[in-house]
Protein chains: 2
Amino acid sequence: MVSKLPRKQRERLEREELILEHAQRLLGRDGFQDFNLDELARAVEYSKGTLYLHFETKEDIALAVSTRVMEMRANLFERASAFNGSTRQRAAAIGYAARKFALEHPDHFCLQMMLKSNSFWEKSSPDRRRLHGIQTGRSFNFVNQIVTDAIVAGDLPPGTPAHVVTISLISTTIGSQVAGTEPDLQMLSGNGELSALMRLCQDRMCDGWQWRPLSTSSDWDYAAVESRIRAEIFTED
Amino acid sequence: MVSKLPRKQRERLEREELILEHAQRLLGRDGFQDFNLDELARAVEYSKGTLYLHFETKEDIALAVSTRVMEMRANLFERASAFNGSTRQRAAAIGYAARKFALEHPDHFCLQMMLKSNSFWEKSSPDRRRLHGIQTGRSFNFVNQIVTDAIVAGDLPPGTPAHVVTISLISTTIGSQVAGTEPDLQMLSGNGELSALMRLCQDRMCDGWQWRPLSTSSDWDYAAVESRIRAEIFTED
DNA sequence: CTTTTTATTGACTTAGAGTCAAAACGAGGC
DNA sequence: GCCTCGTTTTGACTCTAAGTCAATAAAAAG
């Protein structure tokens with residue numbers, strides 16, 4: 001990332017990064033509705049006009065923040081997918097990354113959902129929408145690669161449709177993150193840990209596709225796998 | 001529902017209903033951001049001041065709309081849970097209801113998510129929050145009852161934790177509805193039907209818990225079950 | 001040091017949420 | 001009918017915050 005860009009362009013990117021850092025903080029604290037650009041301008045010590053040199057609208061800033069966060073998620077997935085082990089263990093590593101992300105950004109998908117509402121999408125710039133799609137795609141591909149490997153290795157039944165398995169895993173992971181942070185549902189299901197719920201959902205979905213070894217089988221020692229994931233992939237943090 | 005309330009109170013409720021109908025339409029069309037109360041007032045042919053006799057804030061209206069929609073969902077679940085058959089077939093009936101709902105209200109959970117963001121929740125009245133929780137609870141309970149019956153009947157392994165199964169099914173259903181309507185993911189996973197994705201996720205999650213008969217077994221003829229569900233439960237619509 | 005170009009600003013416009021004094025309505029009495 | 005008093009409804013008004021753009025400052029060129 002040591003860029004050889006001309007100073008001007010480099011400074012511009014640095015300032016954009018500064019804006020996004022503060023925007024992320026304020027969005028997290030206040031939610032999109034109460035997130036206000038006068039305060040953001042004050043925080044970054046530039047004028048409101050300058051913010052509009054980088055972003056077209058408030059929505060555009062939120063989309064850029066979401067993309068930034070999605071990029072972090074995809075980076076976690078990237079690291080996880082390098083885990084050395086059976087395909088099911090590698091899936092567990094991605095699952096671990098998804099849970100780690102959920103604990104660090106529990107309300108990310110609130111913002112994410114918002115971005116998809118009718119009025120929102122069209123107010124953000126096409127270019128930023130593209131960048132957002134790319135990060136979503138990266139996450140998808142890391143999961144999909146492991147699923148494909150599993151089919152090739154025979155850990156998933158032959159003829160299993162890779163894309164569908166991938167999207168089902170993503171669905172259940174997003175769903176459990178969302179459901180696990182929703183106060184009404186938390187109450188009803190008896191205040192468990194978000195992370196535990198997510199893991200259960202991921203495991204059962206893999207089992208449902210008959211991804212071997214099943215989490216109920218004697219070949220599967222999750223605790224051991226998790227401590228290896230922690231030690232080998234997510235050491236420092 | 002033929003109320004014996006004094007005329008005044010009845011008229012008030014009818015007006016509230018009128019407001020919510022229009023609010024739902026406008027929210028669906030424009031999203032929360034662009035949903036504006038002057039237009040709503042014009043649509044219902046009352047002044048903005050009158051809207052504020054019913055609701056404390058714009059957020060409060062959105063929450064009430066969400067509650068109304070959640071009530072419809074719970075009502076679909078209620079009808080589905082009366083299906084006569086094995087526990088797994090009854091689960092399929094609820095799944096069918098969830099998919100029917102998803103097709104009618106594909107972006108409901110966008111609004112729903114929004115309601116949970118920091119700033120939003122505290123702007124709505126406690127009373128409406130309570131009502132929202134009740135409808136969420138109804139949906140939860142219809143699912144949970146079937147899960148409990150399945151454990152008693154031995155269709156799920158003994159000792160399976162009912163609440164966790166229930167929340168996992170809700171998670172995967174919400175997750176697949178959300179993921180299936182997200183443009184980026186739709187593109188990546190190859191533009192399938194929302195309904196087909198949701199069904200797959202539901203089935204595989206049930207299979208993951210070993211809910212018998214498994215969807216892969218020869219005892220399971222989904223097409224036959226679905227046509228019975230359609231005929232017996234969701235005939236007229 | 002002067003001119004030209006580029007970057008930055010913050011006062012201004014505008015839209016829309018939320019308020020409240022005044023107007024309209026309605027029930028009861030005469 | 002019509003006057004009085006309490007209740008309901010209203011829409012003009014205030015205020016906040018997104019988005020604009022003419023004016024200013026800084027940098028580059030001459």
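It should be emphasised that the depicted structure is a prediction, and the values quoted were computed from it without experimental measurement. In what follows, chains carry the letters A, B, and so on, assigned in the order in which the sequence lines appear, proteins first and then strands, with residues in each chain numbered from 1.
- A:L20 and A:A64 get closest at one heavy-atom pair: CD2-CB, 3.6 Å.
- Regarding B:R42, its CZ atom lies at a distance of 12 Å from the P atom of D:dG11, rounded to whole Å.
- Side-chain contact between A:E59 and A:W121 is absent, with no heavy atoms from C-beta onward closer than 4.5 Å.
- When rounded to the nearest whole Å, the span between CG of A:L26 and P of D:dA17 equals 13 Å.
- The nearest whole Å value for the distance from the CD atom in A:E56 to the P atom in D:dG19 is 10 Å.
- Following rounding to the nearest Å, B:H54 (NE2) and C:dG18 (C1') show an atom-to-atom distance of 16 Å.
- Nearest heavy atom pair, residue B:R79 against residue B:I233, reads NH2-O, 3.0 Å.
- Atoms CD (B:Q9) and C1' (D:dT8) sit 15 Å apart, rounded to a whole Å.
- Atom P of nucleotide D:dG19 and atom CG of A:L40 are separated by 13 Å, given to the nearest angstrom.
- Taking both residues in full, the closest heavy atoms of B:P106 and B:Q177 are given as O-NE2, 3.4 Å, listed atom of the first, atom of the second, then distance.
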With sugar-phosphate taken as primed atoms, P, OP1 and OP2 and all else as base, the protein-contact string of nucleotides 4-17 of chain C at under 4.0 Å (heavy atoms; B, S, -) is ----BBB-----SB
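- Looking only at side-chain heavy atoms (C-beta outward), A:S66 and A:H108 come within less than 4.5 Å of each other.
- Within a 6.0 Å radius of CD in A:E193, no more than 12 heavy atoms belonging to other residues, nucleotides or ligands are found.
- Whole-Å rounding puts the B:D60 CG to C:dT19 C1' distance at 16 Å.
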